[in-house]
Amino acid sequence: MSALGRARSWLYVPAHREDLVDKALGGAADAVVLDLEDAVPPAAKDRARTCAAARASERTWVRINGSGTPWAEADAAALAGSGAAGLRVPKAEDPAAVAALAERTGLPLHLLVENARGLERAFELATCHPLVAGISPGETDLAADLRIRDRAELGWARARIVTANRAAGLPSPIASVWTDLADTAGLAADSATLRDAGFFGRSVIHPGQIAPVHQAFTPGEDEVARARSLLASVGAAGAAAWVDADGRFVDPAVVAGALWVTELADELQQHHEPGRAAAGKENP
């Protein structure tokens, strides 16, 4: 299982702020996104790029500047073949351009769908190159382009992106950022809703958002225990569908869901330290 499908929190940090980069890399986030795009002013682009290339590691992804900007070519050149886990590609809408970027850099690409054209081509983007690791919505830009005033009305667009990922054999998409830093209860509730709608993991913009996101996307002990119990009944049943000892109707689809829960729990246990979610309560 790759970071997409395993990392619960993806902490954005402006790459020209070396102090914040160091703090993020020493913090509780499962993955760190070194940002070269929106969080970096034009005068600091070169410095951010240099820092991102120097700090590249299996835990860091780099959000590059979009195709057609003055910085896109330099970003690709600096990060090609680097030790970064992959690149986040903003405003992805052209499958040919995405494939060319993959060939140029040799890195996994996480595509952000931020306009109507990209949404319309979601499956094409997801399947345009083997290095495409996943596609996710960038909801602020997407809502603006679609002229949607209430982001709660993006449900149909989210579902389309979920479907494109799974139809392409990719992990579940990563949920977009929650911008109200003071409303951690809202973040927790919204993350649980998106989890139930087919998302896994969430981009965050503050260390204080990590703990509620980890809570939402970590299977609970009771859920894991039920899944293991159900899987243990498979061998004894000897049938395509059956009712287990707890009175649950079980068929292959139910088994597949239980298997995903247990595999996810095992992956999280292996790759993320116990208690790390609680550590996400630190202040920036």
Side-chain angles (χ1 to χ4, degrees), residues 1-15 17-18 20-40 48 51-64 75 79 82-90 92 105 107-113 131-139 161 165 170-179 187 191 194-195 199-219 263-282 284:
M1 187 181 292
S2 67
L4 275 81
R6 184 179 70 225
R8 299 158 297 180
S9 58
W10 299 73
L11 177 62
Y12 275 115
V13 58
R17 291 288 307 275
E18 289 93 337
L20 296 182
V21 170
D22 288 340
K23 190 158 191 177
L25 291 174
D30 289 345
V32 174
V33 182
L34 305 179
D35 194 11
L36 305 184
E37 196 208 16
D38 287 348
V40 180
C51 177
R55 307 298 176 85
S57 73
E58 62 180 13
R59 189 171 162 227
T60 61
W61 289 67
V62 182
R63 181 167 72 169
I64 60 175
D75 289 351
L79 293 163
S82 72
L87 304 179
R88 276 198 171 187
V89 183
T105 63
L107 292 172
L109 303 181
H110 175 215
L111 311 182
L112 299 180
V113 172
L131 283 173
V132 173
I135 64 173
S136 297
E139 290 192 355
I161 292 173
N165 277 277
L170 299 175
S172 300
I174 299 163
S176 195
V177 298
W178 177 265
T179 56
L187 168 63
S191 296
L194 290 173
R195 174 201 65 207
F199 285 78
F200 183 80
R202 186 158 205 166
S203 296
V204 298
I205 53 176
H206 188 283
Q209 295 181 317
I210 295 172
V213 166
H214 282 190
Q215 180 70 28
F217 292 103
T218 302
E263 289 178 347
L264 175 60
D266 291 342
E267 284 277 340
L268 294 178
Q269 181 66 31
Q270 178 181 351
H271 291 278
H272 306 307
E273 298 173 359
R276 205 167 172 184
K281 297 178 180 179
E282 67 188 69

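Along the sequence shown, the residues carry numbers beginning at 1.
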With R63 as the cation and Y12 as the aromatic partner, state whether NZ or CZ is under 6.0 Å from the six-membered ring centre and within 45° of the axis. yes
Between D22 and R55 (salt bridge meaning N to carboxylate O under 4.0 Å), is one present in this structure? yes
Taking only residues two or more places apart in sequence or in another chain, which ones pass salt bridge (Lys or Arg N to Asp or Glu O under 4.0 Å) with R88? none
Side-chain donor-acceptor contact under 3.5 Å, R202 with S9: no
Between S82 (side chain) and A56 (backbone), is there a donor-acceptor pair under 3.5 Å? no
Would you compute the distance between atom CG of L194 and atom CG of L187 and round it to the nearest 0.5 angstrom? 10.0 Å
Do S136 side-chain atoms and I174 backbone N/O form a donor-acceptor pair below 3.5 Å? yes
Taking atom CD1 of I161 and atom CG of L170, what is their separation to the nearest 0.5 Å? 12.5 Å
Could you list the residues that satisfy side chain to side chain contact (heavy atoms under 4.5 Å, CB included) with A39, not counting sequence neighbours? P14, D35
Atom pair CZ (R8) and OG (S191), whose distance is rounded to the nearest 0.5 Å: 12.5 Å
Distance (rounded to the nearest 0.5 Å) between T105 OG1 and I64 CD1: 7.5 Å
Once you round to the nearest 0.5 Å, how far does CG of L25 lie from OG of S57? 6.0 Å
Determine the interplanar angle of the F200 and F217 rings, folded into 0 to 90°, and report it as parallel if under 30°, tilted if 30 to 60°, perpendicular if over 60°. perpendicular
Rounded to the nearest 0.5 Å, what separates atom CD1 in I135 from atom CG in N165? 4.5 Å
Considering residues at least two apart in sequence or located in another chain, which fulfil the ring-ring contact (aromatic ring centres under 6.0 Å, His included) criterion with W178? none
